[in-house]
Amino acid sequence: MINKIGKVTVYVQDQDQAKDFWLNKMGFVLKMEQPMGPNARWIEVGPSEDEFTTLVLYSKSAMEQQKPSAVAHPSVLFSTTDIEAAYEKMKQNGVEVDDMLRMPFGTMFSFKDQDGNDYLLREDK
C-alpha cells in the first residue's frame, strides 16, 4: 500500500528563516512555494531536485490556530552515505550538531534547525 514517505511537515516560527536554514545551511533545494491565503505560504524543500520526499515548512502559529495538538515536532531521520563529510559540512555551515554516535547498527548524530528542533542523520551504506 505505502511505498515511500512523501512529505514530513515541520512546524516553524518563521517560514523565511526556516527556508533560509534548509536551503543555505543544509544545501536543500526549493521544491515548491505558493501562497495559501493572505498570510501563509506552502513551502516544500528537499535534498535534491530528483528526491521525492520533501519537508513542508508550515507556519506553527497557523497550525496552532487550526489544530493546536498537531504542532508537536515530528521525529525525522535523514540518511547519508558519508557521515563524516556531512558532519563537517554542517559544522562549517554553523549548524548545531551533537557528538557522533558510533553504534553497532550504524553511525549517526543529532542536529538542530533554526527553531531548536532535533533531527537525526544516519549513515546508510
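Every value quoted in this text rests on a predicted model; they were computed, and no experiment measured them. Note: hydrogens, waters and symmetry copies are ignored here, and every other heavy atom, side chains too, is used.
Closest of all the heavy-atom pairs between V97 and F111 is CG1-CB, 3.9 Å. Between Q15 and R41, the shortest heavy-atom distance links the atoms NE2-O, 2.7 Å. Contact record, I83 with E123: N-OE2, 3.0 Å, taken as the closest heavy-atom pair. Closest non-hydrogen pair, L57 versus V12, comes out as C-CG2, 4.4 Å. Taking both residues in full, the closest heavy atoms of P47 and T53 are given as CD-O, 4.0 Å, listed atom of the first, atom of the second, then distance. In this structure, T80 and A86 approach most closely via the heavy-atom pair OG1-CB, 4.2 Å.
Side chains of W22 and I43 form no contact here, defined as non-hydrogen atoms less than 4.5 Å apart. Inter-residue side-chain proximity for L55 and F78 is flagged as met; some heavy-atom pair is nearer than 4.5 Å. Counting heavy atoms from C-beta on, the side chains of Q114 and K25 never come closer than 4.5 Å. Within the 4.5 Å cutoff, no side-chain heavy atoms of T54 are placed close to those of F28. Using a 4.5 Å heavy-atom threshold, the side chains of M26 and D113 count as separate. Using a 4.5 Å heavy-atom cutoff, the side chains of Y119 and V10 are in contact. In this structure the side chain of T9 never reaches within 4.5 angstrom of the side chain of K7, judged on heavy atoms.
The side chain to side chain donor-acceptor pair (under 3.5 Å) test applied to Y87 returns no partner, not counting sequence neighbours. With sequence neighbours excluded, no residue forms a side chain to side chain donor-acceptor pair (under 3.5 Å) with K89. Partners of D115 by side chain to side chain donor-acceptor pair (under 3.5 Å), not counting sequence neighbours: none found.
Once rounded to the nearest 0.5 Å, the distance linking OG of S110 with CZ of R122 reads 13.0 Å. Between the CH2 atom of W42 and the NZ atom of K31 there is a distance of 14.5 Å, given to the nearest 0.5 Å. The CD atom of E96 sits 12.5 Å away from the CE atom of M90 when rounded to the nearest 0.5 Å. Remark: Q66 CD to S59 OG distance equals 8.5 Å, nearest 0.5 Å.
The closest donor-acceptor contact from the side chain of K112 to the backbone of V95 lies at 3.5 Å or more, if one exists at all.
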